Amino acid sequence: MQKREGRSFAPPPSSPPRPDLGRTGRKRWTRPDMPRPAVPVRVLLPTLDTALPDVEPPEPLTALDHLALLPREARQDIVRGAL
């Protein structure tokens, strides 16, 4: 009796073909031709309620406020120029 008796020397079967990259083989679901339901839109109407507080205008910016809005490098240049 031989050691390899009953075994096949044929190469293993090839794997099944894979779909192209980016394709999964699934069909895409298509939406039936039905109109979408309308989404209710909330409309904000101006109120006539006098209990709302009056909005005060903001105070004007000072020179320090304007300086604080600048980038750090620009502030350093201004300070060096003032010295």
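All values reported here derive from a predicted model rather than from experimental measurement.
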Practice task
Output all residues satisfying side-chain hydrogen bond (donor to acceptor under 3.5 Å, both in side chains) with Ser14, sequence neighbours left out; order by chain, then residue number.
Solution key: none

Problem - Leu70: side chain to side chain contact (heavy atoms under 4.5 Å, CB included) partners, not counting sequence neighbours - result: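 For Leu70 the side chain to side chain contact (heavy atoms under 4.5 Å, CB included) partners, ignoring immediate neighbours, are Leu67, Ala74, Arg75, Ile78.
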
Exercise for the section: Could you list all the salt bridge (charged side-chain N to carboxylate O under 4.0 Å, His left out) pairs where at least one residue sits in residues 55-72, not counting sequence neighbours? Expected result: none

